Novice: 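Before anything else, here's the structure in question.
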Amino acid sequence: MKNESYFRIFREAVRLQKEGRLIDGIENISIEDMDEGLLRGYIASALGQEPEEGISLTELAKKALREYEMNKPILTVTGECEDDCREAGVHKCVKSCPFESIFYDRKASRIKISKEDCTGCSECIDACHKKKIIDKIQYFPIANIIRDHKAPVYAAIAPAFAGQFGEGITAGKLRTAFKMLGFDDMVEVAIFADILSIREAVEFDRLVKEVGDFMITSCCCPIWMAMLKKHYRALVEHVTPSVSPMIAAGRVLKKLVSEAKVVFIGPCVAKKAEAKEPDVAGAIDYVMTFDELNEVFKVSEINISELKEDISDCSSKGGRIYARTGGVSQCIEETLEKISPKRMIKLKAVQGNGVKECKELLDKAIKGEIDANFLEGMGCIGGCVGGPKVVIDKETGRVKVNEYGEQAEYKTPVDSLCVLKVLGGIGFEIIDELKEENEKTRIFRRKL
Ligand code: SF4
Ligand code: SF4
């Protein structure tokens, strides 16, 4: 659920920054009746900073424009906690965490989060009825690198974007809007979902040879991957070693344009955590969410519906429907059918929809009780269209994503000339080269 007070503060800070008064005006931001500690925490977090004691908000604003330390926790816990939310002695946020990453520090009498273990699943944000847990916003350092323009800055927009910025907002109009904000260009991450689907179909061929074999796809949810890596190590041998489409987008853009900075925009707090994971860090420089970006467009008075169309990427239907539960399975199944039509054992998929279902699915997989050979998991109910930072409800999001999929010129990734064009830019001559394990395809792999 959107935290209106937090967004009010963020909007005000963006307004000050646009007017060139962020540093002078930050101390004057206020919200009636808001506790001082909470207000300070919200302002610091809206600036992407920790509300460190002894540092003024003016200093934090200066820091915000100068740097964003990637090693900061993605969440901020503001102020001390009362005991009144405890149930059987356990705070609500602590109880809500599926990863045991949040705890009550008795000595400091406050809630703390382990930045190494936190996946950004957002359960604790929703669980805190006092709204004391919030995710840091990375907008200000982005505005700074755009202004300095020492390197090209790219926006990589998640496949779930369809419908999030208003009725009739196409990828072409959105690209124009990003350019108005000062970005050099925008790419659709769906193109990289296309590329990874071919890799995943190849992996299926490798891993599923007999009845009883199964594959767990690593595309594309970081919550699903965190569950596997932290709690279901025994299943990791079935997981494909592919990076997510977000990471692939960052790596490829940086290979195509040296020094490029890449900002991922999606519906997800967990992507803020994924961008910092040690084996993939460096691909994505900053992460923003749809609702944060929407506020920036509003304050910047950019009315996207009135903008002219720029060119659109030609992602396939398969890459576009990644944004809803079942989309990954459908895309990889159809891709497999194209690359291996005579295969005797066909892909039979099952999905985990939300953390609870993902757990149940993986428990069954451990016990050998799965009647499927392809497992897809989405940390949010409905998939990314149900992510914590969407602007529209998940049912409408699903409809919009499906509509956008149907509008695609290409049905599957292997039909797409755009896939070939992107791959050509990084040295591939034919799509079939994606089937190989070599230096070229290393860009799409990760350690498990
Ligand atoms: S965001 Fe999720 S993983 Fe991180 S502390 Fe909160 S509940 Fe735990
Ligand atoms: S399903 Fe949710 S947690 Fe997973 S990538 Fe999508 S928005 Fe993020």
Side-chain angles (χ1 to χ4, degrees), residues 45 72-77 90-105 110-128 131-136 156-161 164 189-190 192-193 196 217-231 243-247 249 264-277 284 287-291 321-329 351-359 376-392 394 397-398 401:
S45 196
K72 276 198 201 103
I74 58 164
L75 301 187
T76 304
V77 184
V90 185
H91 287 88
K92 282 182 181 169
C93 56
V94 176
K95 200 171 167 200
S96 74
C97 180
F99 298 98
E100 289 142 28
S101 312
I102 183 165
F103 57 95
Y104 183 64
D105 182 336
R110 60 190 305 155
I111 293 290
K112 288 193 175 164
I113 293 175
S114 156
K115 74 171 189 252
E116 287 74 29
D117 294 327
C118 174
T119 64
C121 74
S122 303
E123 296 285 336
C124 59
I125 298 177
D126 293 341
C128 179
K131 298 193 187 321
K132 290 196 169 192
I133 305 175
I134 42 180
D135 58 311
K136 293 187 182 67
I157 189 119
F161 84 86
Q164 297 292 334
V189 174
F192 301 92
L196 287 163
T217 184
S218 57
C219 274
C220 55
C221 178
I223 301 297
W224 172 245
M225 286 303 289
M227 288 172 81
L228 282 155
K229 288 200 278 185
K230 287 176 202 275
H231 299 313
V243 295
S244 68
M246 172 184 86
I247 297 298
F264 175 81
I265 297 116
C268 186
V269 178
K271 289 286 181 190
K272 293 184 182 183
E274 184 191 353
K276 297 171 192 248
E277 287 177 26
I284 295 293
V287 175
M288 279 190 76
T289 59
F290 289 154
D291 53 2
I321 60 171
Y322 256 57
R324 49 96 172 151
T325 299
V328 175
S329 308
Q351 291 90 26
N353 198 17
V355 169
K356 188 166 167 274
E357 270 195 26
C358 285
K359 270 187 177 167
E376 168 194 328
M378 289 286 190
C380 300
I381 296 173
C384 301
V385 293
K389 297 292 188 161
V390 288
V391 179
I392 57 176
K394 61 173 168 286
R398 183 182 172 85
V401 159

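Computed from heavy atoms alone, side chains included, the values below leave out hydrogens, waters and symmetry copies. Read the numbers this way: they start at 1 and go in the same order the structure lists the ligands and their atoms. It should be emphasised that the depicted structure is a prediction, and the values quoted were computed from it without experimental measurement.
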Novice: Would you mind listing which atoms of ligand 1 come within a distance below 4.0 Å of any non-hydrogen atom of Thr119?
Specialist: 3 (S), 4 (Fe)

Novice: Please check: side-chain N/O of Ser101 versus main-chain N/O of Ile113, any donor-acceptor pairing under 3.5 Å?
Specialist: no

Novice: Looking at Phe99, which atoms of ligand 1 are within less than 4.0 Å of one of its heavy atoms?
Specialist: 3 (S)

Novice: Let me check your reading of the structure: within less than 2.8 Å of atom 4 (Fe) of ligand 2, is there an N/O/S atom from Cys384?
Specialist: no

Novice: Without hydrogens or angle criteria, can the side chains of Glu376 and Ser329 be said to hold a donor-acceptor pair below 3.5 Å?
Specialist: yes

Novice: Keeping the roles fixed (side chain from Asp105, backbone from Arg110), state whether a donor-acceptor pair exists under 3.5 Å.
Specialist: no

Novice: Quick check against the 3.5 Å criterion: does Lys136 have a side-chain atom that pairs as donor or acceptor with the backbone of Ser45?
Specialist: no

Novice: Identify, for atom 1 (S) of ligand 2, the protein heavy atom at the shortest distance, and state residue, atom and that distance.
Specialist: Cys380 N, 3.5 Å

Novice: Identify the protein heavy atom lying closest to atom 4 (Fe) of ligand 2, giving its residue, its atom name and the separation to 0.1 Å.
Specialist: Cys221 SG, 2.3 Å

Novice: Taking all non-hydrogen atoms of both residues, which atom of Lys271 and which atom of Val287 are closest, and how far apart?
Specialist: O-CG2, 3.6 Å

Novice: Taking all non-hydrogen atoms of both residues, which atom of Ala193 and which atom of Tyr322 are closest, and how far apart?
Specialist: O-OH, 3.5 Å

Novice: For Pro222, does its backbone N or O pair with a side-chain atom of Glu274 as donor and acceptor, under 3.5 Å?
Specialist: no

Novice: State the atoms of ligand 1, each with its element, that fall below the 4.0 Å cut-off from a heavy-atom position in Gly120.
Specialist: 1 (S), 4 (Fe)

Novice: Check each atom of ligand 1 against the heavy atoms of Ser122 and keep those under 4.0 Å away; list them by number with element.
Specialist: 1 (S), 2 (Fe)

Novice: Relative to atom 8 (Fe) of ligand 1, which among Cys124, Cys97, Ala270, Ala226 owns the nearest non-hydrogen atom?
Specialist: Cys97

Novice: May I ask you to check if any N/O/S atom from Cys268 comes under 2.8 Å of atom 8 (Fe) of ligand 2?
Specialist: yes

Novice: Do His91 and Phe103 come close enough that some side-chain heavy atom pair is under 4.5 Å?
Specialist: no

Novice: Which distance, rounded to the nearest 0.5 Å, do you find between the CD1 of Ile111 and the CD1 of Ile102?
Specialist: 5.5 Å

Novice: Report, in ascending order of atom number, the atoms of ligand 2 lying under 4.0 Å from any heavy atom of Gly383.
Specialist: 1 (S)

Novice: Looking at Met378, which atoms of ligand 2 are within less than 4.0 Å of one of its heavy atoms?
Specialist: 1 (S)

Novice: Just heavy atoms, cut-off under 4.0 Å: does Leu75 contact ligand 1 by side chain, backbone, both, or neither?
Specialist: side chain

Novice: Among all protein heavy atoms, pick out the one at the shortest distance from atom 2 (Fe) of ligand 1; state its residue, atom name and that distance to 0.1 Å.
Specialist: Cys121 SG, 2.4 Å

Novice: Using a 4.0 Å cutoff against the non-hydrogen atoms of Gly379, which atoms of ligand 2 qualify?
Specialist: 1 (S), 4 (Fe)

Novice: Got a sec: does the NZ of Lys131 have more than 12 other heavy atoms crowding it under 6.0 Å?
Specialist: yes

Novice: What atoms of ligand 2 come closer than 4.0 angstrom to any heavy atom of Pro222?
Specialist: 5 (S)

Novice: Under a 4.0 angstrom heavy-atom cut-off, which atoms of ligand 2 come close to Gly387?
Specialist: 7 (S)

Novice: At under 4.0 Å between heavy atoms, which part of Cys93 makes contact with ligand 1: side chain, backbone, both or neither?
Specialist: neither

Novice: Here's a test for you: under salt bridge (charged side-chain N to carboxylate O under 4.0 Å, His left out), which of Lys230, Lys229, Lys112 qualifies with Asp117?
Specialist: Lys230

Novice: Which ligand 2 atoms are under 4.0 Å away from a heavy-atom of Ile223?
Specialist: 3 (S)

Novice: Between His231 (side chain) and Pro98 (backbone), is there a donor-acceptor pair under 3.5 Å?
Specialist: yes

Novice: Taking only heavy atoms of Ile102, which atoms of ligand 1 are found under 4.0 Å from at least one of them?
Specialist: 5 (S)

